Structure formats: structure tokens, C-alpha cells
Amino acid sequence: MAAPLRALAPALLAAVALGCVKPAGSCNQTSDCGANETCESGVCVRGPDLGGGGGGGGSLPASYTPVSWFALEGAPLATFHADSVGADPATGDVVVTGAIESDFAPWGLPTGAFVTRLSGVDGSPRGAPASFPTFSHGSFRTAVRADGQVLFAATAFDPTPLGTLFFFAPPPQGSLVVGLLDAAGDPVWAVTVDSASAAATLVPVAASARGSDLLVAGTGAGDFGCGPTGGATFVALLSGLDGSCLWSRGLATRSIADVEPRDQGDVAVGGVCAPTGAFFDPQGGTTCASGLWVAALSGAGGSTVWATTGAGDVSAVRNLAVSPDGTVTAIGDASGLVRFGAVAVDFGSLTGSFAIPFGPTGTPGTPVRPIEAPVAPEPDAASFASCAADRLGRVWIAGRYVGQPTLLDTLFPACRPPACAAATFLARLDGNGKVGSFLPLPLAPTPGGEAYADDFVLSATAGTLAHALQLTGETTVGGTPWSSAGAGDLGVLRIVP
């Protein structure tokens, strides 16, 4: 019920005086209901106890996601970052792109960025990693093609040699370097796109393979060969043969989170509406009022196939996952009353994570959120960091948590001090209101008292789910202990979805 019967009596008497009685427990909106109740189909429905201490309901997983193999790389003075992960569809080899803040002797790596290939059988390195000293964390993205070769996009400000065949001297505002690496990590081709100005430096936020071609999206502006993009962000499709421009376009919104190909031949993009009222779509003239935006662009020329925008305080869109039927799932963070198209969700005053599917034509579905109590005496909280869809259309989400939150029907295993200082999770949403597979990594502090995880990246192919992250702490994977050696080791897992 919305309130005790005694408290309802004055309201009922007032309604009788007006000649109408509203049944107890009925509602038009959530504000008509009591604390911890929501208005669903005209009825106040009580939610789970949000007092913390694992009170969000659900059941503990009966078993955890099987891990094919895992690898942890680190050294006392080395700090790794993960930027991209992918898999060779033919071999299952996992390709990890990242950066390191100091030399790493076991791999012969100097400070800077790298691409390494790990065996799909056991995670052992396949040859020496490719080193890119002038590329850095946060501005280097890769995508693995069906033939196992690796497309890349990176920002460079300093003179940049690539192998023995290519050398670039970027202007002061920097250049976007795009290219193709063979299976050994050697460049096949590479080209540069100069940034339009120092205020519009081209920085890639996402790269994907569309067939053999490179899809790249990011911030800044430049001329990819199809004319200047303009705007604050860009999307481009470049030939996998030589990097020539197939199409490009600029967007007025300052935020773009991801770019992914759809089986239907077009391209999914999305981000946060910023600034409010920006025309994110110059060709279609769609105004991005607030909240998030998600669109499908023609694979033939980049024109808008469909676009949807929301409203409210969406502080981040982190990733997109595209299912074989064309459904696009966006994950991010929001607070307050937020609309995803026609779907409204009240996040309350605190920021919380969400996963929202948009159907093949852009129609929003039912959002998924963790049930948490972040400010309770025994806090429960979870955040979504990365996502990917497998070829069965199931969406995998990676993130971090503390306490014992709930996601759909699954109660997370408890992570509370002193035994657990932080935890990561990998959850598979099966589209039936259930979590079909779940893998927690609870982190105990190192002897120095540190435990944290960051830089979550995730990808899925027909036979491999690849996951990489920065990790510090002590945990157990598949019954085997993991103990980090430095302040930010590189953790990699391969799972058969």
C-alpha cells in the first residue's frame, strides 16, 4: 500500500466529499505512491528494501561463467592501461591494445602504446608486441578484421615512425593516424588526417571493422578526403585497402561514445547531448535537446537512417552493443527524471547506471538498472563500464561494484571490507529479464592496501568474448589466484559465449 490506512483516511474523506473515491494503492504517477513504491500500470508496486546490506532481492548465482583462459601482466614499476580488445574469428586469438607508463622488460616494451596478440588456446603471447611510443592511452583504438589483421586509429603530436616503411611529422595541432597491421603487428599501410585546428584535434574514441573497412569515430574535425567534417565530433568510413575516404561527416554534439556496424549494412552511433540543443545531425536537422542520442547511419554514405534523442540528465554514454537483429543497446549513467524516447525513468538524486535497448528502427525498450543503496550504512552499488553483444543477441556488461547489489534476478556475491575492497563483474543479459551468466572478481587489497579496477574493454565474436582491464589487488579466476605485481596490471580473459 502507498501509506498506512490511518494516513489515508483524510484523503479518502476528501475524495468522498468530491463525489469520487480513488482506490487505495492506485496511481497516475510514482509521486502518488509511498516511499520505495513505483507506479506501474496504475498501481503502486512496492520495490525491494533499499536499505543496503544486500537487500535488493534476487538469488546468488549457482555457478560462474567458465573462463577459457586468463592472463595477468605486470611489474612493480609498470602501470598498464587497456584501450581496445578484440578477437581473431578464425583462431580465437585475443588482440589487446593499450599503453604503459614505464618500460616493461618482459615484453621489451618502452613507455607508450602497444598492440599484443595472445593465443586463443592458452593466452600466451604470439610474438613480440608492436610498440608505438608516440601514441598514448585514451587516443589509440583498434579493431580486428575477419582475416585477423588489425585496423587502428590514433592521435599523434610527435614525429611518428611506423615500422620501417612509414614516417609522419604531425603539425602542432596533431594528426589522426590510421592504418592496418598484419598478424605480426607490422604496418601494411598507414595515412594521416591533419586536425583542423588546435581547438579541434582529432582524437578517436572508437574503432570498428565493417567488413574489411575501418569505421572510426571521435572528437575534433578534419578532412578525411571527402571534405572537411566541421562540427565537434566525427564519424568516418575508410577503405581497408589504403585508408581512402568512403564517407565522413561531422556532428555538432561534443560527445560521441561509440561506432558499431549493424548486420543490416548501416552503422550505429551514440553519445550524450552536449551542449543542450545542439544539432547532432546536420543532414537530418535533429535537435539533441538533452539526455542521450542514438542513430543509425547509412553504410553507403553516412546519411541518417533513423535517430532518437532523449531528455534529462544523462552524464555519460559509455558504449554501444549491437545485436544481429539490429538492436542497439546503450549503457551509461544518469540522474533525475530521464526520458529514453517515450520511456521515462526516475533515477532519483544520485547517479546510477543504465542499459537501454533501441530496436532495429530505434524504438526504445525496457531499461535495465542495478538495484543499489550507495549511501546506506552497508552500501550496495554497481556501475556499468563496457558492453558487447554476442552473435546470439545476448548483451554482456562489464563493470565494478561494492557491497551486494542486484541486477535483474541476480544478487551479486558480497564485496565488503576487509576481505574485499573492490570488485568487478561480467554479466550476460539474456533478454528474458534474467542474467544468464555471471562472473565476479572480488579484489582483496595488496600488501600496500590498494585494490581497484579501471579501463574496462569488451568485445564479442562468434566464438570469443574478450575482456581486458587494468587491475590492482588479489583475486581468484577459475580457481587460480591472481595477484597484481604493480600499480595497475593488465588483466585479460577469454570466454566462449
Side-chain angles (χ1 to χ4, degrees), residues 67-88 91-144 148-154 156 158 160-166 177 179-188 190 207 446 453-459 464 466-475 477 480-494:
V67 177
S68 298
W69 55 256
F70 55 89
L72 187 68
E73 298 289 345
L77 299 178
T79 298
F80 278 93
H81 298 279
D83 285 293
S84 295
V85 69
D88 185 326
T91 64
D93 289 355
V94 173
V95 177
V96 182
T97 299
I100 189 167
E101 294 182 14
S102 60
D103 295 354
F104 184 57
W107 283 359
L109 275 179
T111 300
F114 64 86
V115 176
T116 188
R117 183 180 294 258
L118 306 178
S119 165
V121 177
D122 58 11
S124 58
R126 288 202 181 274
S131 175
F132 302 89
T134 63
F135 300 161
S136 60
H137 170 56
S139 59
F140 187 23
R141 312 294 178 186
T142 57
V144 184
Q149 298 190 97
V150 179
L151 295 158
F152 72 88
D158 298 321
T160 299
L162 294 176
T164 59
L165 300 178
F166 305 96
V177 183
L180 177 68
L181 307 176
D182 64 18
D186 296 321
V188 177
T446 64
D454 204 355
D455 300 337
F456 296 79
V457 287
L458 194 63
S459 75
T464 297
H467 180 31
L469 71 163
Q470 183 199 72
L471 184 145
T472 296
E474 298 180 355
T475 187
V477 185
T480 302
W482 250 13
S483 182
S484 60
D489 287 12
L490 176 67
V492 186
L493 297 87
R494 179 178 183 255

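No experiment lies behind these values; they were computed from the predicted model shown.
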Contact check, side chains of Val94 and Val85, non-hydrogen atoms, under 4.5 Å
yes

Within-4.5 Å side-chain heavy-atom neighbours: Val177 and Leu162
yes

Looking at every non-hydrogen atom in both residues, tell me the closest pair between Pro125 and Trp107 and how far apart they are.
CG-NE1, 4.2 Å

Minimum heavy-atom separation for Ala143 to Ala207, with atom names?
CB-O, 3.8 Å

Heavy-atom distance under 4.5 Å between the side chains of Asp455 and Leu469, does that happen here?
no

Quick one: OG1 on Thr116 to CG on Leu109, what's the gap to the nearest 0.5 Å?
7.5 Å

Distance from Ser136 atom OG to Ile100 atom CD1, nearest 0.5 Å?
14.0 Å

Kindly compute the distance separating CG (Leu458) from CG (Leu493), expressed to the nearest 0.5 Å.
10.0 Å

In this structure, CG of Leu471 is separated from CG of Leu490 (nearest 0.5 Å) by 9.5 Å

Under the side-chain hydrogen bond (donor to acceptor under 3.5 Å, both in side chains) criterion, do Thr134 and Thr160 qualify, and how do the steps go?
CA-CA 6 Å; Thr134 63; Thr160 299; 2.9 Å; yes

Looking at Phe104 versus Phe80, is the centre-to-centre ring distance below 6.0 Å?
yes

Is Gln470 close to Thr79 at the side-chain level, that is, under 4.5 Å between some pair of heavy atoms?
yes

Between Thr480 and Phe70, is any pair of side-chain heavy atoms under 4.5 Å apart?
yes

I'd like to know if the side chain of Arg141 and the backbone of Gly138 have a donor-acceptor N/O pair within less than 3.5 Å.
yes

Determine whether Thr111 and Asp103 make a side-chain contact, defined as any pair of heavy atoms from C-beta on separated by less than 4.5 Å.
yes

Would you indicate whether the side-chain heavy atoms of Asp83 and Val457 approach each other to under 4.5 Å?
no

For Asp88 against Arg117, the heavy-atom pair lying closest together:
OD2-NH1, 3.5 Å

Just by modelled atom types, is the Ser124 backbone N or O under 3.5 Å from a matching donor or acceptor in the Trp69 side chain?
no

Which atom pair, heavy atoms only, marks the closest approach of Asp489 to Ala75?
OD1-N, 4.3 Å

Minimum heavy-atom distance Ser102-Ala78, with the two atoms named:
OG-CA, 3.4 Å

Looking at every non-hydrogen atom in both residues, tell me the closest pair between Phe140 and Ala154 and how far apart they are.
CD1-CB, 3.4 Å

Can you tell me which residue among Thr464, Asp93, Asp122 is in a side chain to side chain donor-acceptor pair (under 3.5 Å) with Arg494?
Thr464

Determine whether Ser484 and Thr472 make a side-chain contact, defined as any pair of heavy atoms from C-beta on separated by less than 4.5 Å.
yes

